[in-house]
Amino acid sequence: MRKRRWWVSPGLTKRNIAICHKECLCMRMKLPPIAAIRAFEAAARYQSFTRAAEELGMTQAAVSYQIKLLEDRIGVPLFVREPRQVTLTAAGRKLSPKVTEALDLLGSAFVEVARKPDLHLIISTLPTVASTWLVPRLPSFQAANPEVRIKLHTSNDSIDFAREDIDVMIRGSDSVLPEHEVFSLFPMEYAPVCTAEYRERHAIAQPADLLKVRRFGALSWWAHWLTGAGVENGNDDSRMDLVIGVQSIDVGLTLQGQGVAMVMPIFFADELSSGRLIRPFRHSGRDNRSYSLVYPKSRRHSRKIRLVREWIIAEAEATRSAFATIPV
């Protein structure tokens, strides 16, 4: 019989190894009850025992008991209890994101094992991003990843990943939270667009001339762009009698010769390169935000999220490169 050899570093003996192994097992055995961990995670997320109880289908007293059990187990308070609210202690704030990540990772593992081979991916995106950029490109993703079945959700509202069945979202970077993983796709760079015929018909020669015509798009973008272009009274919205909030619809009206739209030109590269739309002025408005791919950090190891993340980032880079070649 071959003897088992112990390969040890200086100062590390068989006895030390055995002690370390035993201590590791003990640490694993001391993991608090999963009910207490779930109660803490929900209460920390809501900063409320009552709302945590509603989500978990427990009574408030049961949530409070489970958290007290957890605090007794680890030996430190996790919440400051006040008459009408609870707040996390420093230890609670340190523990909360790690517990959330651990539970999400555990849940994802069971879901992916339990599901059929097909992976169901739900993407929430802004309507304009969906219609002008994402949807036309999705067939290439599905051809490369036939096992992934996609459901598209369009909305301008931010997403609470803890409460909604959404895997990833594309939103403005001002909609993200510290627990989100964020990849910038398109910087928010906007400019007015119209048809060449509309510009000639309304004699649009200077930025101030835009105050005299019908305009579509975000009021804040128009005010910022006009001010940056040196136009006085840039906040004048008297010719903005129809505010829709969807760039693709604004451009549809513009293509019909009904006005000038303030949009992100990168989403309308085909119309600009073909001459169906023009940018009457070179000036662009910018801010520090961007349209970004967002999902919880706790789900970054999910296979379906990794697949769509790599694809979307590559497509966005290709779009930016192609747009840079279009003359203004």
Side-chain angles (χ1 to χ4, degrees), residues 37-56 63 67 70 78-80 82 85-109 111-112 120-130 133-134 150-189 218 220 245 264 286-313 316:
I37 295 173
R38 291 179 65 232
F40 166 73
E41 191 278 333
R45 183 159 26 91
Y46 289 119
Q47 298 280 287
S48 167
F49 287 4
T50 301
R51 294 187 65 187
E54 292 173 356
E55 177 179 301
L56 299 174
V63 169
I67 292 174
L70 183 60
L78 299 172
F79 290 92
V80 176
E82 299 175 358
Q85 65 177 8
V86 294
T87 56
L88 287 166
T89 63
R93 290 193 299 272
K94 182 178 180 180
L95 185 63
S96 174
K98 296 178 181 179
V99 170
T100 298
E101 181 173 359
L103 287 178
D104 282 347
L105 185 61
L106 185 62
S108 296
V111 167
E112 291 193 7
H120 296 266
L121 176 70
I122 304 178
I123 304 174
S124 178
T125 185
L126 300 164
T128 292
V129 177
W133 186 76
L134 184 60
I150 294 176
K151 180 179 179 180
L152 201 61
H153 170 269
T154 59
S155 173
N156 287 317
D157 299 329
S158 188
I159 294 297
D160 182 351
F161 288 106
R163 299 183 65 85
E164 300 182 59
D165 189 17
I166 300 293
D167 293 301
V168 301
M169 69 176 179
I170 298 176
R171 289 291 190 281
S173 56
D174 53 342
S175 299
V176 304
L177 299 172
E179 61 265 27
H180 292 162
E181 195 141 274
V182 184
F183 294 88
S184 177
L185 303 176
F186 305 107
M188 286 199 184
E189 183 171 327
S220 60
M264 288 182 56
R286 299 179 180 86
D287 58 35
N288 294 324
R289 297 174 299 158
S290 65
Y291 283 174
S292 302
L293 176 68
V294 183
Y295 54 85
K297 291 178 181 178
S298 58
R299 303 182 194 173
R300 60 179 175 265
H301 299 299
S302 167
R303 179 170 174 263
K304 62 182 180 181
I305 289 180
R306 176 178 55 81
L307 290 173
V308 76
R309 176 187 67 216
E310 294 174 355
W311 177 79
I312 284 180
I313 291 173

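All figures in this text were calculated on a predicted structure; none of them were measured in a lab.
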[X] side chain to [Y] backbone, donor-acceptor under 3.5 Å:
{"X": "T100", "Y": "S96", "value": "yes"}
{"X": "K151", "Y": "H120", "value": "no"}
{"X": "D167", "Y": "I122", "value": "yes"}
{"X": "S292", "Y": "V294", "value": "no"}

Item to check | Heavy atoms of other groups near D160 CG, more than 12 under 6.0 Å | outcome: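 More than 12 within 6.0 Å, yes.
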Item to check | CZ (R38) with more than 12 external heavy atoms under 6.0 Å | outcome: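 No, not enclosed.
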For [X] and [Y], which heavy atoms make the closest approach, and how far apart are they?
{"X": "L56", "Y": "A42", "result": "CD1-CB, 4.1 Å"}
{"X": "A130", "Y": "L152", "result": "CB-CD2, 4.1 Å"}
{"X": "A39", "Y": "I67", "result": "O-CD1, 4.0 Å"}
{"X": "I166", "Y": "R299", "result": "O-NH1, 2.9 Å"}
{"X": "S290", "Y": "S184", "result": "OG-OG, 3.0 Å"}
{"X": "S298", "Y": "D104", "result": "OG-OD2, 2.7 Å"}

[atom1] of [X] to [atom2] of [Y]: how many Å apart, nearest 0.5 Å?
{"X": "D157", "Y": "S124", "atom1": "CG", "atom2": "OG", "answer": "9.0 Å"}
{"X": "I150", "Y": "L134", "atom1": "CD1", "atom2": "CG", "answer": "7.5 Å"}
{"X": "I37", "Y": "E41", "atom1": "CD1", "atom2": "CD", "answer": "10.5 Å"}
{"X": "L105", "Y": "S302", "atom1": "CG", "atom2": "OG", "answer": "9.5 Å"}
{"X": "N288", "Y": "M188", "atom1": "CG", "atom2": "CE", "answer": "11.0 Å"}
{"X": "T125", "Y": "M169", "atom1": "OG1", "atom2": "CE", "answer": "10.5 Å"}

Checklist entry - Could you go step by step and tell me if I312 and W133 meet the side-chain contact (heavy atoms from CB on, under 4.5 Å) rule? => result CA-CA 11 Å; I312 284 180; W133 186 76; 4.2 Å; yes
Find out whether [X] and [Y] are in side-chain contact, i.e. whether some heavy atom of one side chain is under 4.5 Å from a heavy atom of the other.
{"X": "I305", "Y": "R300", "answer": "no"}
{"X": "L95", "Y": "F40", "answer": "yes"}
{"X": "I159", "Y": "R171", "answer": "yes"}
{"X": "H180", "Y": "S173", "answer": "no"}
{"X": "K297", "Y": "P178", "answer": "no"}

Checklist entry - Between E189 and R286, is there a salt bridge with N-O shorter than 4.0 Å? => result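 Salt bridge between R286 and E189, a charged N being under 4.0 Å from a carboxylate O: yes.
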Checklist entry - Going by an N to O cut-off under 4.0 Å, is there a salt bridge joining E55 and R51? => result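 Result for this pair is no, no salt bridge flagged.
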Next on the checklist: Between E179 and F161, is the side-chain contact (heavy atoms from CB on, under 4.5 Å) condition met? List the steps.
Outcome noted: CA-CA 10 Å; E179 61 265 27; F161 288 106; over 6 Å; no
Next on the checklist: side-chain contact (heavy atoms from CB on, under 4.5 Å) for M264 and T128? Distances and angles first, verdict last.
Outcome noted: CA-CA 10 Å; M264 288 182 56; T128 292; over 6 Å; no
Next on the checklist: Pair T89, F79 - check side-chain contact (heavy atoms from CB on, under 4.5 Å), show working.
Outcome noted: CA-CA 5 Å; T89 63; F79 290 92; 5.5 Å; no
